[in-house]
Amino acid sequence: MNAEQREQAEREQAGRVLPPAAHPDPAPGRTEARRRHLLGEIDRQTRARSTRPVPRPRRRTVLVLGAAVAAGATVVVLGPDPGTTGAPSVPPASAASVQVLERAALAADAMSRTKVLDGQYVYVKTAGYTSVLSENKAGQMELLREDEGMEQWTSVDGSGPTLQRKAGEDKLLPEGPASLNSPTYNFLAALPTDPRALLKQIREDAEKNHGTGSDSTTGPDQEAFVTIGDLLRNGVAPPVTTAALYRAAALIPGVDVAPDAVDAAGRRGVAVARVHDGERTEWIFDARTNRLLGERTVLLKDNAWGKAGTVVTSVALVGSGVATEVGRTP
C-alpha cells in the first residue's frame, strides 16, 4: 500500500468511527470541524511517516484533596447566576449537583487553617491514565493508554521551579507568571471568594479563547467547568478559596450528577458532571466524606477515541500537602 492509498484508508477509517450528529443538532460546522481536526492529526502523522502517538487534548497538570464535612451539616443551595450566559437549551445546574457541591464546600470550610509560608512547596501525588491514538505497523490507528501517575511540587509563591516526577524521572516545568492556567498557592489565595465574582473572572478568561468569534467548539461554560476542576486539583488551596470554587461550579448551566463513578484507584463515589460534545467530565467525590477523589472523562457515544462508555482519561488524587522543600514529601 503506497502513501496515498494508506492516507485514503485512514480517512475512511476515521469516517467510520466519527460520532453521529448530536441531538439536538449541533451548531453548523461543529461536527465537521471536529472531523477536520481528527483527519488533520492523522494527515500529519502520515506525512511525517511517524509512529509518534497522538494524545488527547491535555489540560493543566494541577491537582486537591478535600476534607470530611460534619454529619448533619445544613446544605445551602445557591440559585443559578443570572449573569451566566449558557446556551438557551442548557438548563441550570441540577438540584442534586448543587447539593453535592455545597457539601464539598462545607467540607472545605471545615478544613484546618494550616499556615502556608513563602518558600514552601505544594505537593500532590496522582495515579491514572489518559488515552492516545498511535499508528501501528499496519498503518492503522489504535487506542493506547498512557500513564498519568506522577508527583509534583509547585512553589507556594512562584519563587522556585515546579518539579514533576514521573516513572522515577524528574523534570522541571517551564517557569512563567502565575495564572488560572498555572496557579500557585498565593495566586489561589488572591482569587475572589464570592462565588459569582469568582465565576465572572473565570468566564472572562474563558471568553478570550472559547467565546464568540473564536474557533473553539468548547464554549465558555464548558471551559469554566474544566478550569474550576483544574484549580480544585491544585493540591492545597486556602479552604475559603476551595469552597468558593465549588459554589462557583454550582452556578454553571448543565452541571448534573452521575450517581455511581469509580476513580483510577478503584474508589467508588458520586460524581458532579457536565456533558459536552459526546463526553462527560466527572469530578468524583466520596459519598460519605464529600472528599474529592479524582476526575475522569467518559464517552457517551462512539468516536475515534473508543466506544460509548469508554473511560478515556481517569486521574485519582492519592496524596497532597505542603513540603518544606522541592523533592521532599510532606
Side-chain angles (χ1 to χ4, degrees), residues 59 62-80 91-112 124-129 148-149 195 222 224-237 239-276 279-300 308-321:
R59 295 200 293 271
V62 290
L63 302 163
V64 95
L65 300 179
V69 63
T74 301
V75 175
V76 179
V77 178
L78 291 173
S94 69
S97 68
V98 172
Q99 288 186 342
V100 172
L101 289 166
E102 180 60 23
R103 291 189 180 107
L106 291 171
D109 281 332
M111 293 172 67
S112 61
V124 65
K125 183 177 182 179
T126 65
Y129 60 88
E148 283 291 291
Q222 178 66 13
F225 185 78
V226 168
T227 297
I228 291 174
D230 291 339
L231 295 174
L232 287 168
R233 293 189 312 279
N234 194 56
V236 176
V240 66
T241 303
T242 302
L245 287 166
Y246 284 129
R247 290 170 175 137
L251 302 174
I252 299 175
V255 176
D256 204 349
V257 295
D260 188 32
V262 180
D263 74 359
R267 299 172 296 188
R268 192 171 297 276
V270 60
V272 168
R274 195 174 193 277
V275 173
H276 174 74
E279 298 181 352
R280 185 174 63 234
T281 302
E282 302 178 352
W283 306 343
I284 305 172
F285 295 88
D286 185 300
R288 182 179 60 86
T289 66
N290 303 294
R291 181 169 62 97
L292 182 63
L293 300 176
E295 179 182 305
R296 69 178 188 174
T297 302
V298 183
L299 298 182
L300 299 183
T310 300
V311 179
V312 288
T313 63
S314 185
V315 177
L317 315 177
V318 295
S320 71

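- In terms of heavy atoms, Ile284 sits closest to Leu292 at O-CD1, 3.5 Å.
- Summarising the geometry of Tyr246 relative to Ala105, their closest heavy-atom pair is CD1-N, 3.8 Å, with the distance given to 0.1 Å.
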With side-chain contact (heavy atoms from CB on, under 4.5 Å) as the criterion, how do Asp263 and Arg296 come out once you've worked through the C-alpha distance, each side chain's angles and the decisive distance to 0.1 Å? CA-CA 7 Å; Asp263 74 359; Arg296 69 178 188 174; over 6 Å; no
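- Across every non-hydrogen atom of Ala93 and Ala250, the tightest pair is CB-O, 3.3 Å.
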Full working for side-chain contact (heavy atoms from CB on, under 4.5 Å) between Val272 and Phe285: CA-CA 8 Å; Val272 168; Phe285 295 88; 3.9 Å; yes
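- Note that the CZ atom of Arg274 and the OG1 atom of Thr281 stand 9.0 Å from one another [nearest 0.5 Å].
- Thr242 places none of its side-chain heavy atoms less than 4.5 Å from the side chain of Pro239.
- Between Ala108 and Ala243 the shortest heavy-atom distance is CB-N, 3.9 Å.
- Residues Pro195 and Ala248 approach most closely at O-CB, 3.6 Å, considering heavy atoms.
- When all heavy atoms are compared, the tightest approach of Ala127 to Ala264 is O-CB, 3.6 Å.
- Atom-to-atom distance recorded for Leu232:CG and Leu245:CG is 5.0 Å, nearest 0.5 angstrom.
- No donor-acceptor pair closer than 3.5 Å links the side chain of Asp286 to the backbone N or O of Asn290.
- In this structure, the side chain of Thr310 does not engage the main chain of Val312 through any donor-acceptor pair within 3.5 Å.
- In summary, the aromatic rings of Trp283 and Phe225 are positioned with their centroids under 6.0 Å apart.
- Rounded to the nearest 0.5 Å, atoms CZ (Arg291) and CE (Met111) are 11.0 Å apart.
- Residues passing the side chain to side chain contact (heavy atoms under 4.5 Å, CB included) test with Val275, sequence neighbours excluded: Arg280, Leu300.
- Take Ala224 and apply the side chain to side chain contact (heavy atoms under 4.5 Å, CB included) test, not counting sequence neighbours, and it matches Leu199, Ile202, Arg203, Ile252.
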Validation: residues 255-262 side-chain donor-acceptor distances under 3.5 Å, sequence neighbours left out:
from	atom 1	to	atom 2	distance (Å)
Asp256	OD1	Ser94	OG	2.9
Asp260	OD1	Arg268	NH1	3.0
Asp260	OD2	Arg268	NH1	2.9

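- Rounding to the nearest 0.5 angstrom, the gap separating the OG1 atom in Thr313 from the OH atom in Tyr129 is 7.5 Å.
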